[in-house]
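Take a look at the structure below.
Scope of the values below: all heavy atoms of this structure, side chains included, with no hydrogens, waters or symmetry mates. Numbers restart at 1 for each chain; the letters A, B, ... are given by sequence-line order, proteins then strands. None of the values given here were measured: they were computed from a predicted structure.
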There are 4 protein chains.
Amino acid sequence: MTTSSPTRDRIIDAAMELFGAHGFRGTSVAKIEAAAGLTPGAGGLYHHFRSKEDLLRAGIDRHLARLHALRDIRATFTGVGDLRTELTLTARYVLAELDEERELLQILAAEARSRPDLVRDAVNQLLGTSQTGFAAQLADLAGLSPDRADAVAVVALGALFSARMPRDLFNATPALDDETFIRTWVEMLSALVAS
Amino acid sequence: MTTSSPTRDRIIDAAMELFGAHGFRGTSVAKIEAAAGLTPGAGGLYHHFRSKEDLLRAGIDRHLARLHALRDIRATFTGVGDLRTELTLTARYVLAELDEERELLQILAAEARSRPDLVRDAVNQLLGTSQTGFAAQLADLAGLSPDRADAVAVVALGALFSARMPRDLFNATPALDDETFIRTWVEMLSALVAS
Amino acid sequence: MTTSSPTRDRIIDAAMELFGAHGFRGTSVAKIEAAAGLTPGAGGLYHHFRSKEDLLRAGIDRHLARLHALRDIRATFTGVGDLRTELTLTARYVLAELDEERELLQILAAEARSRPDLVRDAVNQLLGTSQTGFAAQLADLAGLSPDRADAVAVVALGALFSARMPRDLFNATPALDDETFIRTWVEMLSALVAS
Amino acid sequence: MTTSSPTRDRIIDAAMELFGAHGFRGTSVAKIEAAAGLTPGAGGLYHHFRSKEDLLRAGIDRHLARLHALRDIRATFTGVGDLRTELTLTARYVLAELDEERELLQILAAEARSRPDLVRDAVNQLLGTSQTGFAAQLADLAGLSPDRADAVAVVALGALFSARMPRDLFNATPALDDETFIRTWVEMLSALVAS
DNA sequence: GATGAATGAGTATTCATTCAT
DNA sequence: CATGAATGAATACTCATTCAT
C-alpha cells in the first residue's frame, strides 16, 4: 500500500490528465506542479515521487487498482437472464469500462514505444482477466469447449474494443452509435453460438 | 509534387523507423541525420525539410500513398469464390495490410494527442475506404441491406483490427494465432449472414 | 560557549565525516540529517545550527579545540634525551597529530578556494604554534640562533608534513614507509645541526 | 591527439581558471560559457566537450602535457657545477614548476575527494617522475646508494613542496622567503650528503 | 548540398532553508 | 525538539533551428 496524501493524489490527478492530453514527454514537471496547486518549477513534486517516471507508474497503478474494484463489483450481476440479455449487459459493461479507462489507454498507447515493459505489464493486466473471464462466461452460457470459448472470446472482445479504439486512440469519428454496434455484436455472437 | 532525392528518401526512411521506435519527441534531429548518413547536429536535414514536423508529415504521406497502391491491386482478386473463401481472403489481406502499416500505426497512436488533426486525417484515410469497401463487398456477397452491411462491416473489421492492435500498439502478446483467429472470425460472420 | 547536546554532537560528527568524504558542496543537509539519525530533508539540523556553513565552522572549531588539548599534553614529554631521540619523538608526534587531523585537513584543502578566510585562520592556528614551538625546541637543543632556528624549523616541518600530504590530500600512494622517512629526516636534521 | 580549436582552447582556459578560483562544483557551465565568450546557458560548451567532467579532464591533461614539455627542457641544464650549485638550481627549478602548476594543484586538491582516481593519476604523474629523476641526480652527484638516494629524494622534495603548499593550498602566509628557504634546504642536503 | 558552430528556450532534478503542526 | 511539506533559485544538459563557409 503506497502512502497517500491529498497533495499526492492531486499530483496524480493532474499528471494523468496532462499525460493523456499532451503525452508524457509533452508534459513538464513544472506544469504538473502548477496544475496540482504547487509552485511550478520548485520541485515540490519530488517530495511525493522519486521521479516523473515514478509518478507515471503510480498513476497507472491507481488506474489498475480502480479497475480491479470495478471487476469485483461486476461479478455480482452475472448469471441472470438468457444469452442475448447477458451478452448485451456484458457489452455495455465492457464499453463502460473502456470509457472509464480511456485516459489510461491513451497514455499507454502513447508510451508503448518508450516504456515497453511498463506498458506491456499494464495492458496484460487490463486484457488478460477480461479475456479469461469472458471465455468462462461463454463456456458456461453457451456450452462451448474451452478452446473454442477462448477463441470466440478473443475475437468478440476485440470487436468490442474496436468500438472505442479508433475514437480514443486516433481521434477518428466513430462509425456507429453504441446501440447499433452492440445489437450487431450480440447478433453475431448468438448466431455463432447457435450454429 | 514534392521534390525527391536519394538523400531525402534516406532521411524519411531513417526518421520513420526512429519515430516508430522512440516516438517523435524521443527522436532528435541529430539522430535522424546520423541515421541518414549526414553529420549529426549539422542541420543538413533542413535542406530537405522545412522542419521536423514537416518531415513527419512527409513520412506519413509516403505511407498513405503506398497504401493506395496496395488497395488498387486488391480490387483484382475480389469476386471469385464462395462466401467463406472470400471472407478468408479478405481477412488475410487486411491483416497483411495492417502488418505493412505497423510502423505508421505506431507513430499515429503515439502522436494522436500532440497532433490530433494530422492523425485524424491519416486514420480516416486508412479506415474509411476499408469500411465502405468491405460493406459493399458484404452487401454484394450476402445480400445485406446497405445499413446492415455498414454495421456488420464496422463490427467485423474492428474484430480484425483487434488481432493486431494489442501487439502492435501495446506490446501485448497476441492471444491467438492467425489461423485460429481468422477461422473463428469467418465462422462468426457467416453464421450472422446466414441467420 | 555554544550550547552542546547529544544531537548537536551527532550532527557535527556526521557532517565532518561526510564533508571529508564528499566535500562541503557534495554533502546535502538532508544526508547529514539522515546520518545523524534525523529525518532527512525535514530541516531538523536548523534547530542546532543557523546554516550549513555555521555547522562547518562548528566542526572545524571542535577539531581545533581537540588539537589544543593534544598540544598541552605534549609539553610534558619534551626535554628528556639526546638530540636524535628527541627529534625522532618529535617526528612521531607530528605524524600522529597529522593523522589525527586528516579529516580536517581534507576539508580545509577542499574548501580553501570557496572559504578563503575560514581556511586561512584554521591553518594558521594549525601551523603557527607548531612552527614556533619546534623552532624553540631547536634553539634550545642545538643552540641555533633564533633566525636560523626559525628557518630550519620551517624547512624540516615542511618535510614532515609532506610525508602525509600526498596521501591525505591527493590520494597518492606514499613513497616511503614511516620508519625510513623518520630515520632519514632525523639524519638530515642532525647533520645540519652538527655542521 | 585531441581536436583543437580556438573556442575549445578558450573554454579550457576559462574553465581551469574558474575551477581554480571557485572549485569544480562552484563553477557553473553557464559561467564557463560566458567567460569563454559564448552565450551563457546555451550549452555551446557541449559542442566541444561531452560533459563538464570531460572538460575538467581535458584541462588537467593539457596541464600535464605542458609539464612534460617543461621537464624535457630541464634535462639540458643539469650536470654542470658543484653539488651546492646544482642543488640550488634544482630547488629553483622545482619551485618554478610548482608555481607553473599552482592552478592545477589547487584544482586537484579540491577535487581529491570527489574524483579520487582522476586526481590520483594526475598526481602520480606529477610526483613520480620528479622523485625518480631527483633520486638519480643525487645518486650521481653524491654517490648515494639507490635506496638511500630514494629516501633522501622523497624527504628533500617533500620539504621543497612544502614551501608552496601552505600558501597555494591553504591560503596561509608563507613563513619564509624563497632565498632563505632554498639556502637552508641546500645546507641541509649537503650536510647530510657530506656526513 | 553539407558542415561546424552557435543560440534561445526548455527540462528534470537538487537543495538550503522556512514554517505550521 | 522533530517533522512533513513547501519554495526560490540553481544547475547540467538537450534540442530544433540558423547561418557563414
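Across the protein-nucleic acid pair, C:K52 atom NZ and E:dA16 atom C1' stand 8 Å apart, rounded to whole Å. Rounding to whole angstrom units, CD of residue B:E33 and C1' of F:dA16 are separated by 10 Å.
Taking 4.0 angstrom as the limit, D:H48 places a side-chain polar atom (N or O) nearer than this to OP1 or OP2 of E:dA6. For the pair C:T7 and F:dA2, the criterion of a side-chain N or O lying under 4.0 Å from OP1 or OP2 is met.
Here the closest heavy-atom approach between residue D:T27 and residue D:L18 is recorded as OG1-O, 3.2 Å. The shortest non-hydrogen separation linking D:D168 to C:R113 is O-NH2, 2.6 Å.
Of all nucleotides present, only F:dT3 satisfies the Watson-Crick or G-U wobble test against E:dA20, with each distance under 3.5 Å.
A salt bridge between A:D13 and A:R62 is present, with a side-chain N of the basic residue lying under 4.0 Å from a carboxylate O of the acidic one.
The nucleotide whose nearest atom lies closest to any side-chain atom of C:S28 is, among F:dA2, E:dG4, E:dC15, E:dC15. Of the listed nucleotides (F:dT7, F:dA2, E:dT7), F:dT7 has the atom at the smallest distance from the side chain of A:A42. The nucleotide whose nearest atom lies closest to any side-chain atom of B:T39 is, among E:dG4, F:dT18, F:dT3, E:dG4.
Looking at A:H47, its side chain has no donor and acceptor atom pair within 3.5 Å of the base of F:dA5.
Among the heavy atoms of the strands, none lies under 4.0 Å from D:L45.
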